[in-house]
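Heads up: numbering here begins at 1 and tracks the sequence. Note: hydrogens, waters and symmetry copies are ignored here, and every other heavy atom, side chains too, is used.
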Amino acid sequence: MLQKTGSFLRWLSIRLAMVLVLLAVVLTAAVMAGAFGPMPSTARLSTLAHPNASRVLSADGRFIGQYSVEDRHTVPVDALPQHLLDALVATEDVRFYRHGSVDWRSMPRVAAGMLLGKDWGGGSTLAQQWAKNLFGRPAPSWTLPAAKLREMILGQRLLEAHGHDGVLVGYLNTVPFGENCFGIETAAWRFFNKPAKDLEVHEGAVLVGLLKANTYYSPRLHPDRSLQRRNTVLHQMGRYGYLPQAAVDSLHALPLELDYTRRGVHEGLAPYFRDRVRREAEALLGDLRKPDGAPWDLERDGLRVHTTLDRRLQEAAERAVREHLSGLQQRFARDPGSRMAEAKLEDLARESARFQNALTTTGNEAEAWAVMEADRESEWFGWGGSSPVRGSALDSIRHHREMLQAGMLVADPQTGKILAWVGGAEHRRFPFDHVEARRPAGSTVKPLFYAAALELGTDPDAWWPAERAVLDRNEDWSPRNADGAYEGYWSMAGALAHSVNTASVRIYQSQDGEALREKLRGMGLKADWGPYPAQALGSGNASLIELVEAYGVFAEGGKRQPLYAVTRIESASGEVLVEREQPEAKSVLSEEASLRMRSMLELVVDSGTGRLAAADLRPQRRSGRKNRHHPGPRRRLVCGLWSGSGGRGLGGRGRSCTAFQQPGQWAGCRHGVARLGALLAGSPASSQLWQGPAATL
């Protein structure tokens, strides 16, 4: 009986072994055929290309932002310190250099841990983990054996294609560190604000420690856990001979110190400018193709986009906007007219994603409104920084729509380079760009149409009546003067300096309308400034960037230089793909007319409506006159400013204004916006950019 039982067990064991072998063969064949995901060849794996973020660089070559589908920058092995590679091997795969894709010595340990329910470490080697990072793993749990087999095969092919050091670098370039942060270079910048090659030993240990569980051991979210995990990594380095024990003990005693720097779409310097750069770069790349015939992709190809941005001036501009609006916001909030009309608030609430989601969920408008009116914890923007606030969604909409906004643009009219660009208060919450927004130009257009009138032959010494009259019979329209005075006559210079609307309209009506509009278009205004007298007072729409370009005509003796932001685009290897030539300036105004207009604009500041700006800029103006004959290069700049409420539906008057500056020269200043220019002109950055702000008048 026992003999028969033994024979049966041997027969059963053989049959089970045969079945297992058959299943293994079938599973292997299915994996190799791609049933559980693609199986690229060794040759194909040798030419791997990861999606890489394209960098945006300021004029001095400094990083200011990026475009990416993943926050990743691939680096070669010589850009990584040896201690980082040592920490990785000591912690994740200590026999890495002594085995292939599979570490067979770890298999019994892994199997025993699984049977006993213990965590005695995983069996995936770094080559397998890189394969998993590259090609993912099928979701259903029953496919795990096939996924592991696939990773073993792909890991071996990766080793054959790249060698052990190549696998280490490839793994570090693809591994996620949390917060949509991929690769060691991006992680080094995110947590320590430095490239990976400059990481200290203890800093590298923090990042390697993150690989076990990037949220649980996040140094930003859980510093105590991160510190403990860092010390574990350092202990492993000492245990396996990568660090002497004295060094391990010394490094254990160091505190965890981060320099956390997030580099997303909304963070960093000049986010609104980067939106403009993206459009320009895509247009410049146009029909250019990579060697494989595919178009260049800003989000994947790791390009380097060089721009015109002056980093120091941009920092000064952003600081000026914050300082100006934070003070102005307090005065604005005290004005009863600054409150949003209830009807407008209701319209905005109905359009909000929160209301629409609530309506979809509840199917009842009354319940959706209850959701909008319920108090909850949320983060609100403020000039002192964002802060948690308890309030309703309606309160949040009102608060953010009643925040003041600003647009600011600084350009070099001689070259057309855009030097600084502030499109709004905060890019994340307010992505609408006030530099490119088109709105009624107001009195800022007056110098432009006065210049056009001079060019068309208007006598600059002629006198114009200020009396009020109906000046548009079709509309029964009669313009008013701000000071309510309608006596006497004004010269062109006086009418501009004191913003005499009635005289301005008469000057406009004395011109050939089509010829006047053609001159305005030549100076850069794109709107169709139709045959209406109100156009003399700026009823037509224009953007800040159009007006800055147009005012540059006065600075450059009648020549208009198109503005641009991108100077050069390079591939990841440094090959120049696009080298932008400076656009050719076009003469649109005579030098005599432009000189007269500069003289008139100086009069606006000295004795007219720009006196506020003169008060703010007086120290710089005196310095400029004192140094009028100072030798050396001098730089004319044109600065355009707009400040006002961010949305329609606010009551009150005079919520927006626009000002322009060549150093020391202003026009159209209202409601304290000149203070922006004063902050900018008085900044340390600007003092290095020109000598004496009034030197070019």
Side-chain angles (χ1 to χ4, degrees), residues 31-57 61 63-79 127 130-137 150 153-163 165-167 169-176 180 182-186 263 265 274-308 564-583:
V31 169
M32 296 295 289
F36 297 92
M39 294 292 293
S41 65
T42 301
R44 177 69 173 168
L45 290 173
S46 66
T47 58
L48 277 175
H50 308 297
N52 270 308
S54 291
R55 300 175 184 238
V56 185
L57 308 175
F63 176 94
I64 59 172
Q66 65 186 34
Y67 310 118
S68 61
V69 288
E70 293 177 347
D71 191 356
R72 182 204 313 277
H73 296 284
T74 301
V75 292
V77 65
D78 57 8
W130 187 22
K132 179 183 173 183
N133 291 342
L134 289 173
F135 303 106
R137 179 181 284 179
R150 176 171 173 256
I153 297 170
L154 288 175
Q156 187 59 41
R157 291 181 180 178
L158 287 168
L159 275 169
E160 293 169 3
H162 298 277
D165 284 346
V167 167
V169 176
Y171 172 77
L172 284 172
N173 277 324
T174 58
V175 67
N180 194 37
F182 295 85
I184 189 66
E185 180 75 0
T186 303
R263 302 172 126 191
V265 173
R274 299 199 308 262
D275 290 342
R276 165 75 179 216
V277 168
R278 175 194 283 270
R279 295 194 300 273
E280 277 196 28
E282 290 174 342
L284 288 170
L285 290 170
D287 297 329
L288 292 178
R289 291 291 183 268
K290 293 186 284 188
D292 63 1
W296 290 99
D297 190 332
L298 274 177
E299 295 187 334
R300 295 177 178 274
D301 290 334
L303 305 179
R304 291 196 290 269
V305 184
H306 296 262
T307 73
T308 59
Y564 64 100
V566 177
T567 58
R568 187 170 74 256
I569 303 175
E570 299 172 350
S571 69
S573 63
E575 176 191 359
V576 177
L577 304 177
V578 176
E579 185 78 51
R580 187 161 193 168
E581 296 181 0
Q582 181 176 311

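- Residue Ile569 holds its CD1 atom at 9.0 Å from CD of Glu280, rounded to the nearest 0.5 Å.
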Working for side-chain contact (heavy atoms from CB on, under 4.5 Å), residues Tyr67 and Val277:
CA-CA 10 Å; Tyr67 310 118; Val277 168; 3.4 Å; yes

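- In this structure, Ile184 CD1 and Asn173 CG are separated by 9.0 Å, a value rounded to the nearest 0.5 Å.
- The two atoms that bring Leu284 and Arg580 nearest to each other are CD1-NH1, 3.8 Å, heavy atoms only.
- Screening Leu154, Val167, Thr42 against Leu159 for a side-chain contact (heavy atoms from CB on, under 4.5 Å) leaves a single residue, Val167.
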Please evaluate residues Asn52 and Thr74 with respect to the criterion side chain to side chain donor-acceptor pair (under 3.5 Å), reporting the C-alpha separation (whole Å), side-chain torsions for both, the decisive distance (0.1 Å), and the verdict.
CA-CA 7 Å; Asn52 270 308; Thr74 301; 2.9 Å; yes

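- Smallest separation of non-hydrogen atoms from Thr567 and Thr308: CG2-CG2, 3.5 Å.
- Interatomic distance, Leu303 CG to Trp296 CH2, rounded to the nearest 0.5 Å: 6.0 Å.
- When all heavy atoms of Glu299 and Arg278 are compared, the pair lying nearest together is OE2-NH2, 3.5 Å.
- For Asp297, there are no side-chain hydrogen bond (donor to acceptor under 3.5 Å, both in side chains) partners at least two apart in sequence or on another chain.
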Yes or no on side-chain contact (heavy atoms from CB on, under 4.5 Å) for Val578 and Val566, after CA distance, side-chain angles and deciding distance?
CA-CA 10 Å; Val578 176; Val566 177; over 6 Å; no

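- Under a cut-off of 6.0 angstrom, the local environment of CZ in Arg300 is sparse, with at most 12 non-hydrogen atoms contributed by other residues, nucleotides or ligands.
- Gln66 and Arg274 get closest at one heavy-atom pair: N-NE, 4.4 Å.
- Within 6.0 Å of atom CG in Asp292, more than 12 heavy atoms from other residues, nucleotides or ligands are found, so the atom counts as buried in its surroundings.
- Rounding to the nearest 0.5 Å gives a distance of 9.5 Å between OH of Tyr171 and NZ of Lys132.
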Salt bridge (charged side-chain N to carboxylate O under 4.0 Å, His left out) evaluation trace for Arg55 with Glu570:
CA-CA 10 Å; Arg55 300 175 184 238; Glu570 299 172 350; over 6 Å; no

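- Residues that satisfy the side-chain contact (heavy atoms from CB on, under 4.5 Å) test with Arg289, not counting sequence neighbours, are Pro295.
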Take Glu579 and His306 through the test side-chain contact (heavy atoms from CB on, under 4.5 Å) and record every step on the way to the result.
CA-CA 10 Å; Glu579 185 78 51; His306 296 262; over 6 Å; no

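- Shortest non-hydrogen contact noted between Arg304 and Ala572 is NH1-O, 3.4 Å.
- One distance of note links CG of Leu158 with CG of Leu134; it measures 6.0 Å at 0.5 Å rounding.
- Side-chain atoms of Arg568 never come within 3.5 Å of backbone atoms of Val576 as a donor-acceptor pair (strictly under, hydrogens ignored).
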Any chance you could lay out the side-chain contact (heavy atoms from CB on, under 4.5 Å) test for Trp130 and His162, step after step, and finish with the verdict?
CA-CA 12 Å; Trp130 187 22; His162 298 277; 3.8 Å; yes

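- The shortest side-chain heavy-atom distance between Phe182 and Pro51 does not fall under the 4.5 Å cut-off.
- Not a single donor-acceptor pair under 3.5 Å links the side chain of Ser68 to the backbone N or O of Ala53.
- Closest of all the heavy-atom pairs between Leu298 and Ala281 is CD1-CB, 4.0 Å.
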